[in-house]
Amino acid sequence: MKILRLVTSFRGKDSISFQLGNAIVEKIRLSYPELDMTVMNLAKNELPHLNEVHFSSFITPSDNPALREALYHSDNAIKELMSADIVVIDVPMYNFSIPSSLKAWIDHVVRAGITFRYTENGVEGLVKNKKVFLAISSGGVYSEGPMKEFDFTEKYLRNILGFIGINDITTFRVEGSAIPGLQDNALSKGLQSVATYSL
Ligand SMILES: Cc1cc2nc3c(=O)[nH]c(=O)nc-3n(C[C@H](O)[C@H](O)[C@H](O)COP(=O)(O)O)c2cc1C
């Protein structure tokens, strides 16, 4: 069982999404003790923002050294994704959405002809047979209540991952970590939801 773990909070070990992601990995390990895990810390080792050269390298196969170098980030990120059975993504909510480091990963991974293609019947995702766990942390509460419509984190990730063929997605949350009355139990509640989940 091969796991790809994407770490996206810049808060290191204090990060709540990281702690939630750890709990998910340990839960998976109970069922698959021989886990083979690759960690991409996108907060520490950021992929570059997609630029003109990167995009040219996507659409124009070339031996040009600059284009080949530009393609490396995308090829490597896609290789890691394709070879994983399970992907665990730690996601702190930033401004109702995802960290830009995770958006940069998405921009390098969503590639026409490689991870999706256009067909006469519409778009076909080419990333098959993956299970994704999202470990989302937020200061407010977005799974229910008045802020639900502001949650562009889970909604966006489900849609963009679905676009490339990944539809088996389970979300765990630690939410309300900034809200008096909720913050004290927010992490333990999130960790408990992982503990009681049946894999
Ligand atoms: C730049 C930034 C933007 C944030 N935006 C939001 C937000 O829109 N909504 C929210 O509920 N919390 C927001 N927060 C709070 C974080 O989502 C929350 O503290 C989360 O637990 C951080 O995850 P981490 O501990 O894994 O880094 C923001 C935090 C930062 C640093």
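First listed ligand is number 1; within each ligand, the first listed atom is number 1.
A side-chain donor from one of E154 and T171 sits under 3.5 Å from a side-chain acceptor of the other.
With hydrogens and angles disregarded, no donor-acceptor distance shorter than 3.5 Å links the side chain of H73 to the backbone of L50. The backbone N or O of I164 sits nowhere less than 3.5 Å from a side-chain atom of T115 that would complete a donor-acceptor pair. Side-chain N or O atoms of K189 include none that pairs as donor or acceptor with a backbone N or O of V174 at under 3.5 Å.
Counting heavy atoms under 4.0 Å from ligand 1, residue F150 does not touch it at all.
Scanning the protein for heavy atoms near atom 20 (C) of ligand 1, the closest one is S137 OG, 3.4 Å. In terms of protein heavy-atom proximity, atom 8 (O) of ligand 1 is closest to F96 N, 2.8 Å. With hydrogens left out, the protein atom closest to atom 11 (O) of ligand 1 is G140 N, 2.7 Å, a heavy atom. Closest protein heavy atom to atom 5 (N) of ligand 1: N95 N, 2.8 Å. If you check which protein heavy atom lies closest to atom 29 (C) of ligand 1, you get Y94 CD2, 3.9 Å. What sits closest to atom 9 (N) of ligand 1 on the protein, heavy atoms only, is Y142 OH, 2.9 Å. Of all protein heavy atoms, the one closest to atom 19 (O) of ligand 1 is S177 OG, 4.2 Å. In terms of protein heavy-atom proximity, atom 14 (N) of ligand 1 is closest to M93 O, 3.4 Å.
Between F172 and Y197, the ring-plane angle classifies as perpendicular under the 30° and 60° cut-offs. Taking the six-membered ring where the residue is Trp, Y118 and F163 present perpendicular rings, their angle passing 60° and hence far from 30°.
Evaluated for a side-chain contact (heavy atoms from CB on, under 4.5 Å) with Y142, the options K148, M93, E149, K155 yield exactly one hit, M93.
Listed by number with element, the atoms of ligand 1 under 4.0 Å from a non-hydrogen atom of S9 are 24 (P), 26 (O), 27 (O). For ligand 1, the atoms closer than 4.0 angstrom to any heavy atom of P92 are 22 (C), 23 (O), 24 (P), 26 (O), 27 (O). Residue contact check: R11 has heavy atoms under 4.0 Å from atoms 24 (P), 25 (O), 27 (O) of ligand 1.
A salt bridge does not link D75 to K79: none of the charged side-chain nitrogens sits closer than 4.0 Å to a carboxylate oxygen.
Ligand 1 has a nitrogen or oxygen under 3.5 angstrom from a nitrogen or oxygen of G139. Between S17 and ligand 1, at least one N/O pair is under 3.5 Å apart.
Taken from CG in D85 to NZ in K130, the straight-line distance is 6.5 Å, to the nearest 0.5 Å.
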